[in-house]
**Q** 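Okay, here's the structure, questions in a sec.
Labels below follow one simple rule: chain letters A, B, ... track the order of the sequence lines, proteins then strands, and each chain is numbered from 1.
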Protein chains: 2
Amino acid sequence: MPRQIDHEARRHLIADAVCALADEHGFEGVTLRDVAARAGVSMGAVQRCFRTKEEMLRFALDHVGRRVLARIRTGGDGSDGGDGSGGDGAAETLARAAVETALLRGEQRAEARVWLAFVAQAAVSPPLAAVLREAYTGLTDMLARLVAAAGGADPVREAQTLLALADGLTTHVLVGHLTPAAARAALEAHLARLTAVRAPGGRGGLG
Amino acid sequence: MPRQIDHEARRHLIADAVCALADEHGFEGVTLRDVAARAGVSMGAVQRCFRTKEEMLRFALDHVGRRVLARIRTGGDGSDGGDGSGGDGAAETLARAAVETALLRGEQRAEARVWLAFVAQAAVSPPLAAVLREAYTGLTDMLARLVAAAGGADPVREAQTLLALADGLTTHVLVGHLTPAAARAALEAHLARLTAVRAPGGRGGLG
DNA sequence: GGGCTTCCGATACAGTTGCATCGAAATAAC
DNA sequence: GTTATTTCGATGCAACTGTATCGGAAGCCC
């Protein structure tokens, strides 16, 4: 298999291994040897795909970011027990996106831990921070559009608030301070307040 | 100075060194040697104070948590340009506490980075998570009391929401996605909405 | 089937890590 | 002054880290 292997596919394979390890042992537990072993390749292959470890981590972060964003865009995998009615309103779309952003579903715990590990590292690593900002900007844009569609005022700021709240709730669930149910309740209460400001049927009381 | 040194004072000194390093290089950059050097003591002294590295980290996390909580309790150091009038309403007290919780002031950036580093590590380290939960519970209790005093409904859930939002905003400022001003604006908008629900003009009566 | 290129698996290597060990220094009791 | 006790600073050590190097295997072109 020499001469031009599918490098891109292998990179994704390695990125998945990075995520699995970051999920289990945090960011410190991600070593080249463990990554290679987890990915089922040798260390040499990893080194061929990524010149340095940091390059590998950057790629993995971007990988996770894209995956999460893509899933949010599609409104989740559909395992949320919804009835599949496609004709829901903008508010409901926003709610689904927010819940998805918060990675509150059980099977997303690993992703959430990976994300948190990356965020923490990004706080002291400018290259990672750059990747992260891009992902956050994409999320904010999307949420802002949804907020605007749902009739919320000041969509950008509300999107930033929503994203920060989702991230914070995710974190608190991860460390066991909140149960997923409590986090979901908090998020939904926030959303209800957000969309009720302009929505008919609610009290309009914005001063 | 043999025979019974002030171990507690030294522990705090070391904890401060841990925080300084975690601020600069993240959690991975905290090594026993660097901590000892930063604290101005030798490795032997560190090893005498803490049996293991993890014990040291636990202590440092608790140290930071207590300090942050104490400052929040006092409503900040007073550098917030306030006029020091003590007769403000509950809403204002809540606002000050929230801003303080979010560690948005410039000189708290270091503390914020330390906190984030600890949180990320706690996601994969049950002992650290236990310390963290305690701190979060204390914060939630305090915020819940303030929310109740400000006339908000469902104080516990609102406190949880507020804490998560503050944490998320802090994170997003740290990675450069939000400016401190934007984070502050988002937080204040949330607070305004929170207290406006029951208190349209001033302090509303608790239902 | 050669020759060349591309890739990989293993190993070498210097540096660092957390922890254990141990002699020396410094007080307190006598 | 002597001794006992506590603390410290230095060093040793095994394990592990990221990276560099290198021999060999596997495909293409002739």
**Q** Taking CG from A:Leu21 and P from D:dG18, how many angstroms apart are they, rounded to a whole number?
**A**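 One finds 11 Å between P of D:dG18 and CG of A:Leu21, rounded.
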**Q** Does some side-chain heavy atom of B:Gln160 sit less than 4.5 Å from a side-chain heavy atom of A:His172?
**A**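 Of all side-chain heavy-atom pairs linking B:Gln160 with A:His172, none is under 4.5 Å.
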**Q** Tell me: CG of A:Leu32 to C1' of C:dT16, nearest whole Å?
**A**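 The distance from CG of A:Leu32 to C1' of C:dT16 comes to 15 Å, rounded to the nearest Å.
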**Q** Between the side chains of B:Thr140 and A:His177, is a donor N or O closer than 3.5 angstrom to an acceptor N or O?
**A**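 On atom types as modelled, these side chains qualify, holding a pair under 3.5 Å.
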**Q** When the distance from CD of B:Glu54 to P of C:dG18 is rounded to whole Å, what number comes out?
**A**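 From B:Glu54 CD to C:dG18 P: 13 Å.
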**Q** Could you work out which one of C:dA10, C:dC13, D:dA10 sits closest to the side chain of A:Gln47?
**A**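 Nearest to the side chain of A:Gln47 among the choices is C:dA10.
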**Q** Contact class for B:Val30 (heavy atom, under 4.0 Å): base, sugar-phosphate, or nothing?
**A**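 Sugar-phosphate: the residue B:Val30, judged by heavy atoms under 4.0 Å, touches backbone atoms but no base.
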**Q** Measure the distance from CG on B:Leu13 to P on D:dC8 and round it to the nearest whole Å.
**A**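 These atoms are roughly 12 Å apart.
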**Q** Return whichever of A:Asp34 or A:Gly44 has its heavy-atom-nearest nucleotide of DNA chain D closer to the 5' end.
**A**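 Taking each residue's closest nucleotide, the earlier one in sequence belongs to A:Asp34.
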**Q** Can you check whether A:Ser42 has a side-chain N or O nearer than 4.0 Å to OP1 or OP2 of C:dA10?
**A**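 No.
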**Q** What is the distance from CZ of B:Arg33 to P of D:dC8, rounded to the nearest Å?
**A**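 From B:Arg33 CZ to D:dC8 P: 18 Å.
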**Q** Choosing from C:dG18, D:dC8, C:dC8, which nucleotide comes nearest the side chain of A:Ala45?
**A**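 It is C:dC8.
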**Q** How long is the line joining CG of A:Asp6 and P of C:dT6, in whole Å?
**A**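 Taking CG of A:Asp6 and P of C:dT6, I get 17 Å after rounding.
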**Q** Counting side-chain heavy atoms from C-beta on, which of C:dT17, D:dA20, C:dA20 comes nearest to B:Lys53?
**A**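 Given the options C:dT17, D:dA20, C:dA20, the side chain of B:Lys53 is closest to C:dT17.
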**Q** Starting at the 5' end of DNA chain C, which residue's closest nucleotide do you reach first, A:Met43 or A:Cys49?
**A**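 Taking each residue's closest nucleotide, the earlier one in sequence belongs to A:Cys49.
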**Q** Is the centre of the B:Trp115 ring less than 6.0 Å from the centre of the B:Phe27 ring?
**A**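 No - the distance between ring centres of B:Trp115 and B:Phe27 does not fall below the 6.0 Å cut-off.
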**Q** Round to a whole Å and report the spacing from CZ of A:Arg51 to C1' of D:dT21.
**A**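 Distance, rounded to whole Å: 16 Å.
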**Q** Let me confirm one number: the CD-CZ distance from A:Glu134 to A:Arg66, rounded to the nearest 0.5 Å.
**A**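 It is 6.5 Å, given to the nearest 0.5 Å.
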**Q** Can you check the A:Glu28 CD to D:dT17 C1' distance for me, whole Å?
**A**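 Taking atom C1' of D:dT17 as the reference, CD of A:Glu28 is at 13 Å.
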**Q** Looking only at side-chain N and O atoms, does A:His63 offer a donor or acceptor that is under 3.5 Å from a partner on A:Asp16?
**A**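 Yes, because at least one side-chain N or O of A:Asp16 sits under 3.5 Å from a partner of the opposite role on A:His63.
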**Q** Under 4.0 Å between a side-chain N or O of A:Thr31 and OP1 or OP2 of D:dC16?
**A**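 Answer is no, no contact under 4.0 Å.
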**Q** Choosing from C:dT17, D:dC8, D:dG18, which nucleotide comes nearest the side chain of B:Arg10?
**A**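 Ranking C:dT17, D:dC8, D:dG18 by closest atom to the B:Arg10 side chain puts D:dC8 first.
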**Q** Between A:Gly29 and B:Val41, which residue's closest nucleotide on DNA chain D lies nearer the 5′ terminus?
**A**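 This one resolves to B:Val41.
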**Q** Given D:dT7, C:dA20, D:dT19, identify the nucleotide with an atom nearest to the side chain of B:Arg48.
**A**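 From the listed options, D:dT7 comes nearest.
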